[in-house]
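So the structure is just underneath, and the comments pick up after that.
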Amino acid sequence: MTGELSPQASPSEQGYEGALRPSTLSEFVGQSKVRRQLGLLLDAATMRQHTPDHILLAGPPGLGKTTLSMIVASELDKPLHQTSGPAIQHAGDLAAVLSALTPGEVLFVDEIHRMARSAEEMLYLAMEDFKVDIMVGKGAGATSVPLELAPFTLVGATTRAGLLPNPLRDRFGFTAHLEFYSDDELASVVRRAAGLLDFALSEQGVDEIARRSRGTPRIANRLLRRVRDYSLVHETPGDTASVQAALALYDVDQHGLDRLDREVLRAVVERFSGGPVGLSTLAVSVGEEAETIEAVVEPFLVRTGLLTRTPRGRVATRLGWEHVGVAPPGAPNGAPTLI
């Protein structure tokens, strides 16, 4: 992981993440309720020898939606076909994907809320009746040709479930809402990954990485790899001192904030007197796109209580003021206590 905690992974990092992915529900750490629900769904389908209901996985990036889709295919012992919503921009694109599926195959569509509307409407019939209507010809001579599909299980993943149209959302037999991980769960993720990477990491080092991982396993795994690199290059043991030195090098502070997080928070506090400040103004002040601030930075700052959103704009909380080392308005004289 770099100092920028982006939810998007590079191809090389995706390869590492693939090596660390669990392959069964029993190996999957965290999301205990979702695992029990999903296990029941898959076991019942196997006993009935039917394809399981379609599954929707909703939640922030990095919590395991792609991994769970792979586990679904593995538990069913069926092949997995992966695609994404942005790649399906025409009904014909979806028809080509669906017609190539084999019986029982699992179709995983990442960011399913970004599919084209025409493709969504075709998907309705495919999910319910396992068939689609293909239009042949144009104009008055166009005819509809029904195309039968092999029974399949659709696993859709979305970071913004609210953008899914109701007719599509209602066709999923099971919807799982993934939640951020606790520090203990993240410690289990780090401990398992360190073992797979053959990296001797102390328990204190495990806990240190877990605390700085923003409740997200993907970030925990990336931080672990950076700590391992630091330990390898500097020939240091995987102890707390090495973890702290490595994460300081990559601008990840003790609460998991990276450089951009701190710049945004400092801008609200120092340049705009704690706010309120509009999104576009804030983005210009730190030299970033408004979409990056809103989608990547702001959710974590709000979730940790450092920033809040109001109808007039973003406002730093008392904890936000203290985090950047500035006494909030009305505080007694003297240096503030950092959280």
Side-chain angles (χ1 to χ4, degrees), residues 1-32 34-35 59-71 73-75 80 82 178-262 296 300 304:
M1 177 180 177
T2 64
E4 304 297 328
L5 300 182
S6 169
Q8 301 299 325
S10 66
S12 61
E13 289 192 323
Q14 288 174 352
Y16 270 115
E17 289 170 3
L20 299 178
R21 291 185 194 276
S23 57
T24 64
L25 281 175
S26 60
E27 294 177 354
F28 191 90
V29 177
Q31 312 295 342
S32 58
V34 170
R35 282 191 290 117
L63 298 187
K65 296 186 291 296
T66 301
T67 299
L68 283 174
S69 73
M70 294 179 176
I71 288 176
S74 176
E75 295 280 358
L80 175 70
Q82 298 186 68
L178 276 62
E179 300 177 348
F180 287 103
Y181 283 52
S182 68
D183 287 351
D184 288 341
E185 290 172 335
L186 286 172
S188 297
V189 171
V190 173
R191 197 177 294 113
R192 174 183 177 275
L196 293 174
L197 295 173
D198 196 24
F199 175 48
L201 184 64
S202 70
E203 279 301 308
Q204 294 79 9
V206 168
D207 293 339
E208 190 73 21
I209 292 176
R211 282 195 300 270
R212 304 190 189 202
S213 297
R214 305 163 74 118
T216 306
R218 179 183 296 167
I219 293 176
N221 286 331
R222 294 188 204 173
L223 290 179
L224 172 64
R225 294 197 298 272
R226 298 294 77 80
V227 171
R228 180 198 58 178
D229 293 345
Y230 182 93
S231 181
L232 175 65
V233 172
H234 292 274
E235 299 181 350
T236 58
D239 55 12
T240 305
S242 293
V243 171
Q244 292 174 343
L247 299 185
L249 177 64
Y250 287 98
D251 288 329
V252 180
D253 70 16
Q254 58 183 337
H255 300 290
L257 274 67
D258 64 13
R259 178 194 60 80
L260 182 56
D261 295 326
R262 293 191 295 273
V296 178
F300 181 65
T304 52

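In this chain, numbering begins with 1 at the start of the sequence shown.
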Checklist entry - What closest approach, in Å, do S213 and I209 show between heavy atoms, and which atom pair accounts for it? => result OG-O, 2.6 Å
Item to check | L186 versus A220, closest heavy-atom pair with distance | outcome: CD2-CB, 4.2 Å
Item to check | Atom of R212, atom of V252 and distance for their closest heavy-atom approach | outcome: NH1-O, 3.0 Å
Item to check | Any donor-acceptor pair under 3.5 Å from D261 side chain to D258 backbone | outcome: yes
Item to check | From CG (D253) to CZ (R259), nearest 0.5 Å | outcome: 13.0 Å
Item to check | Side chain R35, main chain G30, donor-acceptor under 3.5 Å | outcome: yes
Checklist entry - Taking the six-membered ring of F199, is the NZ or CZ of R228 close enough (under 6.0 Å from the centre) and on axis enough (within 45°)? => result no
Next on the checklist: Once rounded to the nearest 0.5 Å, what's the spacing between atom CG of L201 and atom CD of E203?
Outcome noted: 8.0 Å
Item to check | Heavy-atom donor-acceptor pair, S242 side chain to G238 backbone, under 3.5 Å | outcome: no
Item to check | Between CG on residue L224 and CZ on residue R192, distance to nearest 0.5 Å | outcome: 11.5 Å
Checklist entry - When you look at V189 and N221, which way does the side-chain contact (heavy atoms from CB on, under 4.5 Å) test go after all the steps? => result CA-CA 8 Å; V189 171; N221 286 331; 3.8 Å; yes
Item to check | Closest non-hydrogen atom pair, V243 against V227 | outcome: CG2-CG1, 3.8 Å
Item to check | Side-chain donor/acceptor of E179 to backbone N/O of Q31, under 3.5 Å | outcome: no
Checklist outcome for this item: Heavy-atom nearest pair, L25 first then E75, reads N-OE2, 3.0 Å
Checklist outcome for this item: dist S231:OG -> D239:CG (nearest 0.5 Å) comes out at 8.0 Å
Item to check | Donor-acceptor contact present, side-chain Y181 to main-chain A210, <3.5 Å | outcome: no
Next on the checklist: Would you say that more than 12 heavy atoms from the other residues, nucleotides or ligands in this model lie under 6.0 Å from the CD of E27, or not?
Outcome noted: yes
Using atom types as modelled, flag every donor-acceptor pair under 3.5 Å from a side chain in residues 63-70 to any protein atom, sequence neighbours excluded.
from: K65; atom 1: NZ; to: G59; atom 2: O; distance (Å): 3.0
from: K65; atom 1: NZ; to: P60; atom 2: O; distance (Å): 2.8
from: T67; atom 1: OG1; to: R21; atom 2: NH1; distance (Å): 2.6
from: S69; atom 1: OG; to: T66; atom 2: O; distance (Å): 2.6

Checklist entry - Between OH of Y250 and CG of D229, what distance do you get to the nearest 0.5 Å? => result 6.0 Å
Checklist entry - Distance-only, no hydrogens or angles: does the R262 side chain make a donor-acceptor pair with backbone N or O of D251 under 3.5 Å? => result yes
Item to check | Closest approach of F180 to R214 (non-hydrogen atoms, all atoms of both residues) | outcome: CD2-O, 3.7 Å
